[in-house]
Structures are given as structure tokens and as C-alpha cells.
Amino acid sequence: MVTPTRHPSDARRERDGLCDSALRVGPQAPTLCAGWDVRDLLVHLAVRDNRPDVVLGEAVGPLRGHRDRVLAGLREQPFADLVERVRNGPRGPLKLPALDGLANSAEFFVHHEDVLRAQPGWAPRELPRAQDAALWRTVKVVGRVAYRRAGVGVVLVTPAGPRAVVRPGEESVALTGEPAELLLHAFGRRSRAVVAVDGSPAAVARFGETFPA
């Protein structure tokens with residue numbers, strides 16, 4: 001009996017890709033996350049995966065000392081061990097492929113690009129068609145929140161033709177790019193997102209006041 005080939009999910013592929021890229025560039029390499037090097041980013045992901053007590057410590061004063069001790073311990077781990085911790089992913093229900101995809105596909109794509117696009121000579125990756133489609137579905141939802149303060153209407157446009165109004169307005173700007181680029185733009189990586197902003201000069205200027213390139 002032939003066992004069917006199982007293709008990794010987008011979340012799994014991006015998690016593995018991020019870990020491979022982290023090992024390649026090293027712990028002190030920069031990222032697009034302000035003030036974080038690669039080690040800091042991996043600590044964040046390790047906490048996000050399995051340490052809700054540390055996340056709670058961000059908001060609850062008495063837990064901040066505990067939070068700081070856990071973060072210090074993670075930072076002091078050998079880098080290869082920290083990478084492996086992130087590669088292994090969450091324990092419990094979040095390890096289920098459906099929940100992992102829901103929680104982590106966009107998150108790990110963006111953070112993988114945070115590593116890749118902070119290095120010299122970066123270029124956009126060519127993604128599988130199915131992943132492009134998934135990122136397009138995601139950015140249509142994320143964009144409604146990301147651009148709510150835009151001051152003008154916002155229309156997302158892909159070169160292949162699909163478009164989505166994520167903020168209605170009498171006057172609008174069009175953000176044109178591949179789904180991956182639009183998602184990075186929506187997540188605040190505007191300096192590295194390959195996105196064109198088009199519209200009347202007044203609309204573009206108003207958009208740029210809130211979302212400078």
C-alpha cells in the first residue's frame with residue numbers, strides 16, 4: 001500500500017524556513033522588528049508558543065519578575081537549542097494542523113520575512129500559488145483593522161486582478177502588490193514591502209500622514 005505524500009502546511013513550512021534562516025544568519029543578525037536581533041525574535045516566538053505565563057506578565061505587575069527571569073533564561077540558551085525549541089512549536093491543542101495554520105501561517109510568514117528582508121541583498125520570494133491565495137484571504141481581513149485610521153478609502157489590488165475594498169471612502173488610495181507584499185505592508189513592514197500607493201495627490205498625502213513609507 002502506498003502512503004500518500006503529506007505536504008507541509010504553510011505554517012509548518014514558514015516555521016522551518018524561519019529556523020533555517022536564523023541558523024544561517026546567526027543570533028546577532030538584524031531583523032525588521034525594531035530593537036530586536038534574531039535571538040530576540042526567537043525568544044518572542046518561543047514565549048508565544050508555550051509560555052502564556054510570560055505573556056500574562058506583560059500586563060500583571062506581580063508577574064513581571066517571573067517574566068523577566070524566564071526571558072533571561074531563554075536568551076541565555078545556546079542559540080541552536082533556542083532555534084530547536086521554536087522549530088518544535090507549541091504543545092497541546094495548538095499543535096493540531098488546523099489550529100496551527102489558523103494561529104501561525106501569517107505570523108510565521110511575516111516573521112520569516114523580518115529575518116530575510118533585514119539582510120543585504122534580499123529579494124521577494126516566489127511562493128506557492130496556494131500560499132499566495134491564503135495570504136490574500138488573510139490580508140483582506142487584516143486590512144480592515146490595519147487601515148481603519150487611514151483617513152481615506154483603501155483598496156487592495158493584486159497584479160493578477162483581484163481587488164478588495166478594506167476601508168470605504170469617498171476618496172480612496174489603491175495599494176497594489178502581490179498578496180505577500182500587501183500583508184507585509186498591512187503589518188507595518190512598509191519600508192520593505194513592494195507596494196505601490198496610487199490615487200489623487202491629496203488622497204496619497206493623507207494616507208501617507210498615517211502610514212509613511
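Hydrogens, waters and symmetry mates play no part in the numbers below; they use all other heavy atoms, side chains included.
- Separation of atoms OG (S105) and CZ (R137) is listed at 9.5 Å; rounding is to 0.5 Å.
- In the hydrophobic clustering of this structure, V110 does not group with L41; members are Ile, Leu, Val, Met, Phe, Trp, Tyr whose side-chain heavy atoms approach within less than 4.5 Å, directly or through other members.
- Minimum heavy-atom separation, L184 to A193: CB-CB, 4.1 Å.
- One distance of note links CG of N88 with SG of C19; it measures 8.5 Å at 0.5 Å rounding.
- Comment: D49 engages R15 in a salt bridge, judged by a side-chain N to carboxylate O separation of less than 4.0 angstrom.
- For V141, the side chain to side chain contact (heavy atoms under 4.5 Å, CB included) partners are R144, not counting sequence neighbours.
- When all heavy atoms of V166 and V139 are compared, the closest pair comes out as CG1-O, 4.5 Å.
- Formation of a donor-acceptor pair under 3.5 Å by the R148 side chain with backbone atoms of V145 is found in this model.
- In this structure, L18 is not a member of the same hydrophobic cluster as L135, with clusters built from ILVMFWY side-chain heavy atoms closer than 4.5 Å.
- In this structure, F207 and Y147 have tilted ring planes: the angle between them lies in the 30° to 60° band.
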Can you check side chain to side chain contact (heavy atoms under 4.5 Å, CB included) on L82 and V43, steps first, answer last? CA-CA 7 Å; L82 179 59; V43 166; 3.9 Å; yes
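- Under a cut-off of 6.0 angstrom, the local environment of CZ in R125 is crowded, with over 12 non-hydrogen atoms contributed by other residues, nucleotides or ligands.
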Quick one, R13 with D10, criterion salt bridge (Lys or Arg N to Asp or Glu O under 4.0 Å). Give me CA distance, side-chain angles, the key distance, then yes/no. CA-CA 5 Å; R13 188 168 52 249; D10 293 343; 2.4 Å; yes
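- Under the 4.5 Å side-chain heavy-atom criterion for Ile, Leu, Val, Met, Phe, Trp and Tyr, L74 and F108 are members of the same hydrophobic cluster.
- Qualifying ring-ring contact (aromatic ring centres under 6.0 Å, His included) partners for F187, counting only residues two or more places apart in sequence or in other chains: none.
- A donor-acceptor pair under 3.5 Å is formed between the side chain of R117 and the backbone N or O of R192.
- With sequence neighbours left out, Q119 forms a side chain to side chain contact (heavy atoms under 4.5 Å, CB included) with V25, A29, P30, V115.
- Residues C33 and R189 come closest through the heavy atom pair SG-NH2, 3.8 Å.
- Residues satisfying the side-chain hydrogen bond (donor to acceptor under 3.5 Å, both in side chains) test with T176, not counting sequence neighbours, are none.
- For H44, the ring-ring contact (aromatic ring centres under 6.0 Å, His included) partners at least two apart in sequence or on another chain are W36, H111.
- The main-chain N or O of P212 is found under 3.5 Å from a side-chain atom of R190 such that the two form a donor-acceptor pair.
- R87 is listed as a side-chain neighbour of R12, based on a closest heavy-atom distance under 4.5 Å.
- When all heavy atoms are compared, the tightest approach of G177 to P159 is O-CD, 3.4 Å.
- Within the structure, every pair that satisfies the side chain to side chain donor-acceptor pair (under 3.5 Å) test and touches residues 194-213, not counting sequence neighbours, is listed here: E171-S200.
- One hydrophobic cluster, built from ILVMFWY side chains closer than 4.5 Å, holds both V47 and V38.
- Looking at W136 and L183, their side chains never come closer than 4.5 Å, going by heavy atoms from C-beta outward.
- A donor-acceptor pair is defined here as one N or O able to donate and one able to accept, closer than 3.5 Å; no such pair exists between the side chain of N104 and the backbone of E107.
- Taking 4.5 Å as the limit, some side-chain heavy atom of L127 sits within range of a side-chain heavy atom of F109.
- Residues V152 and S172 are not in side-chain contact: their nearest non-hydrogen atoms beyond the backbone lie 4.5 Å or more apart.
- Under 4.0 Å is where a charged nitrogen must lie from a carboxylate oxygen, and between R85 and D81 no such pair does.
- Closest approach of L175 and V197 over heavy atoms only: CD2-CG2, 3.7 Å.
- No continuous path of hydrophobic side-chain contacts links L32 to L42 [ILVMFWY only; heavy atoms under 4.5 Å].
- We find the OG1-CD distance between T158 and E178 to be 7.0 Å, quoted to the nearest 0.5 Å.
- In this structure a side-chain-to-backbone donor-acceptor pair under 3.5 Å is missing from R167 to V154.
- The two residues W122 and L116 have their closest heavy-atom pair at CB-O, 3.4 Å.
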